[in-house]
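So you know, we letter chains A, B, ... as the sequences are listed, proteins then strands, and number each from 1.
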2 protein chains.
Amino acid sequence: MRKEQYTMQDIANELGISKSTVSRALKNHPDISQDTKNAVNKLAKEKDYQPNSLALSLRHNKSFVLGIIVPEIVHDFFANVISGVQTVAYNEGYNVMICISNESIEQEVVDTKAMYSSRVDGLLISTTKKTTDLSHLQSLVRKGVPLVMFDRVSDELDVSKVITDDHHGAYLATEHLIKQGCKKIVHLSGPNNLAIGINRKEGYKAALRDYKIAVDDNLIIPCPLGDLKEATEVTKQLLDSDLSFDAIFANNDVTAIGAMTSVKNKGLKIPEDISIVGFGDWRLSKLLEPPLTSIEQSGIDIGIQAATLLLEQIKAEEKDKEFKPRTEIIKSKLIKRESSTQR
Amino acid sequence: MRKEQYTMQDIANELGISKSTVSRALKNHPDISQDTKNAVNKLAKEKDYQPNSLALSLRHNKSFVLGIIVPEIVHDFFANVISGVQTVAYNEGYNVMICISNESIEQEVVDTKAMYSSRVDGLLISTTKKTTDLSHLQSLVRKGVPLVMFDRVSDELDVSKVITDDHHGAYLATEHLIKQGCKKIVHLSGPNNLAIGINRKEGYKAALRDYKIAVDDNLIIPCPLGDLKEATEVTKQLLDSDLSFDAIFANNDVTAIGAMTSVKNKGLKIPEDISIVGFGDWRLSKLLEPPLTSIEQSGIDIGIQAATLLLEQIKAEEKDKEFKPRTEIIKSKLIKRESSTQR
DNA sequence: TTGTAGGCGTTATCAT
DNA sequence: ATGATAACGCCTACAA
């Protein structure tokens with residue numbers, strides 16, 4: 001059995017005073033005499049008294065905990081987001097509880113309930129790729145829990161959102177390839193049920209149109225899973241087919257690496273034979289050989305922005321102020337990377 | 001103000017029964033009539049009643065939360081550990097609260113206190129590189145909180161530990177280089193205050209001795225920070241000096257990449273001119289060009305093992321059984337990676 | 001300046 | 001089969 005905890009009552013007993021006096025002394029209430037405060041603080045330090053947040057949370061109906069649910073954690077983007085969230089949370093005296101849905105809807109539902117049961121003061125979530133039914137989140141909102149969606153969002157829910165400018169980023173990527181002289185640009189596209197996949201595809205098309213290049217649907221290859229195996233396989237098939245192309249715009253980091261692998265295995269050179277640009281927040285882009293030019297989404301910035309929005313809402317509602325959900329867009333940037341052969 | 005939560009009392013009122021009956025009905029207590037149970041469950045579902053874990057935790061002095069403190073999260077190794085911990089925790093009905101110390105001792109101390117305040121049922125920790133004073137952890141242990149240290153551990157504390165077999169791994173790495181024909185192997189070594197740094201260095205020395213190669217202290221270069229900048233700089237200086245060497249055994253992933261960068265910048269080929277082997281759990285090792293042979297530490301396995309040990313202790317102590325702390329060693333493995341030039 | 005009492009949501013004990 | 005009550009640790013209006 002866990003050792004007994006040392007409580008205010010214990011301090012009170014030892015000092016022959018009441019626990020309310022102890023409570024007030026510890027929070028430096030002006031009514032309490034300096035003598036009492038000294039005695040209480042001394043004993044508290046001596047016995048290494050640590051308040052019980054559970055009791056506090058129950059009392060105040062406020063836990064000072066932010067929840068965050070991500071589909072995976074072994075992924076630079078989400079790890080960066082969490083890191084950004086933590087930074088903001090710490091500064092405001094909040095802790096962070098993390099759940100990993102592992103791209104499983106069932107897990108996501110369970111996690112959401114667990115978060116509410118723990119009475120988190122607010123929740124940040126990036127849904128599963130497969131999530132379409134949002135009733136678990138709706139239920140949360142109905143219960144009055146501030147919610148912020150990031151990266152993978154849905155417009156069925158009237159909550160704050162933080163997204164990257166996928167359309168713009170994809171446009172930049174495609175434009176970059178066009179300016180390099182590429183004419184036949186393959187797009188390895190993401191799932192069509194996520195805004196992210198659609199927007200990137202549209203940005204790609206828009207750039208082609210602006211530069212008077214016909215959109216060829218044969219060059220748009222679906223990679224709905226977005227994992228390494230799929231991307232490698234798809235690209236291999238592409239290379240083995242009679243379709244000719246001189247560049248690939250991959251809708252995410254893993255897809256880009258898969259494409260890269262197959263291109264290399266085929267004995268082709270990057271970027272001489274085929275240029276590749278990837279989308280995402282990945283340390284890898286600069287470490288690969290050749291390092292890939294990429295469209296950076298700043299996970300940290302998204303985390304910071306999302307947590308800031310969430311806290312804003314939490315605080316507003318605590319003061320009974322109305323809070324209107326907002327959608328913040330984090331601009332993506334094109335980061336050109338030179339191949340080391342050019343150094 | 002957060003919307004009122006729907007409680008057992010509310011159910012009781014609506015049904016004109018007492019909250020204790022509701023409590024029993026919800027947990028399917030045999031004493032309660034089926035009629036009552038049905039009514040209660042129906043209403044609970046209708047109103048989407050969700051228990052308040054805070055109240056439960058307070059009542060039972062048990063939170064069903066495991067805490068974990070890691071120095072960083074944007075790092076494959078720690079992300080993998082967390083992932084492993086989550087898996088185990090979920091299966092046992094526990095949630096996970098994560099704190100990131102950011103390699104800051106002050107933050108680590110704050111985090112530890114926060115964890116205790118939240119009354120986590122147990123804590124997993126990998127300390128800061130700089131942590132030498134363990135009083136914050138000792139205090140935790142004194143309070144009866146089960147503690148498991150992993151990866152970066154200290155033998156000043158009599159708690160369970162999960163570590164990798166660093167000595168063995170370093171031996172394997174060095175042996176691999178020797179068998180490739182390397183004679184002058186540089187070791188970029190880690191901090192001397194961490195077991196991890198010492199053991200890897202000793203493993204390196206042991207392999208040299210076993211293969212009758214004299215240990216040359218000039219070839220052991222300290223990289224106490226272990227960051228990219230330091231490693232790159234140190235290797236650059238090494239290459240600019242008149243010291244000759246044909247291989248580098250880097251004590252971690254980042255150090256390996258730093259070394260790689262400088263070697264490439266110097267116009268040298270890997271592994272033809274200089275072989276590099278790195279230590280760690282990193283997706284990068286297989287994606288770099290050339291992919292580096294590496295000593296794999298399985299972060300997931302460490303996470304699983306650590307969480308398992310922690311839960312074992314928690315359960316034992318709940319039954320008032322004594323639990324003797326154990327140290328588990330996760331074997332490191334050498335993963336050979338062929339350069340794509342050999343494909 | 002300090003103490004008393006009630007309550008946050010839940011469950012266990014002891015009635016009825 | 002169900003209810004009343006106390007308790008977990010803390011805070012706060014009210015009383016003294």
Distance below 4.0 Å between B:T21 side-chain N/O and D:dG3 OP1 or OP2:
yes
Per-nucleotide protein contact string for nucleotides 9-16 of chain C (B base, S sugar-phosphate only, - none; heavy atom under 4.0 Å)
BBBBB---
Rounding to a whole Å, what distance do you find between B:L15:CG and D:dG3:P?
10 Å
Regarding B:S135 and B:D133, do their side chains bring together a donor and an acceptor under 3.5 Å, going by distance alone?
yes
Excluding sequence neighbours, so at least two apart, what forms salt bridge (charged side-chain N to carboxylate O under 4.0 Å, His left out) with A:R142?
none
Measure CZ/A:F64 against P/D:dC11 and give the value in whole Å, please.
12 Å
Interatomic distance where NE2 belongs to A:H29 and C1' belongs to C:dT1 [whole Å]:
10 Å
Is there a side-chain contact between B:S33 and the phosphate of D:dT2, meaning an N or O under 4.0 Å from OP1 or OP2?
yes
Verify the contact: side-chain N or O of B:T36 to OP1 or OP2 of D:dA1, cut-off strictly under 4.0 Å; return yes or no.
no
Would B:S139 and B:K143 count as having a side-chain donor-acceptor pair, cut-off 3.5 Å?
yes
What is the separation between atom CD1 on A:I32 and atom C1' on C:dG3, rounded to the nearest whole Å?
10 Å
Within the 3.5 Å criterion, strictly below it, is a donor on B:D301 or B:Q305 matched to an acceptor on the partner's side chain?
no
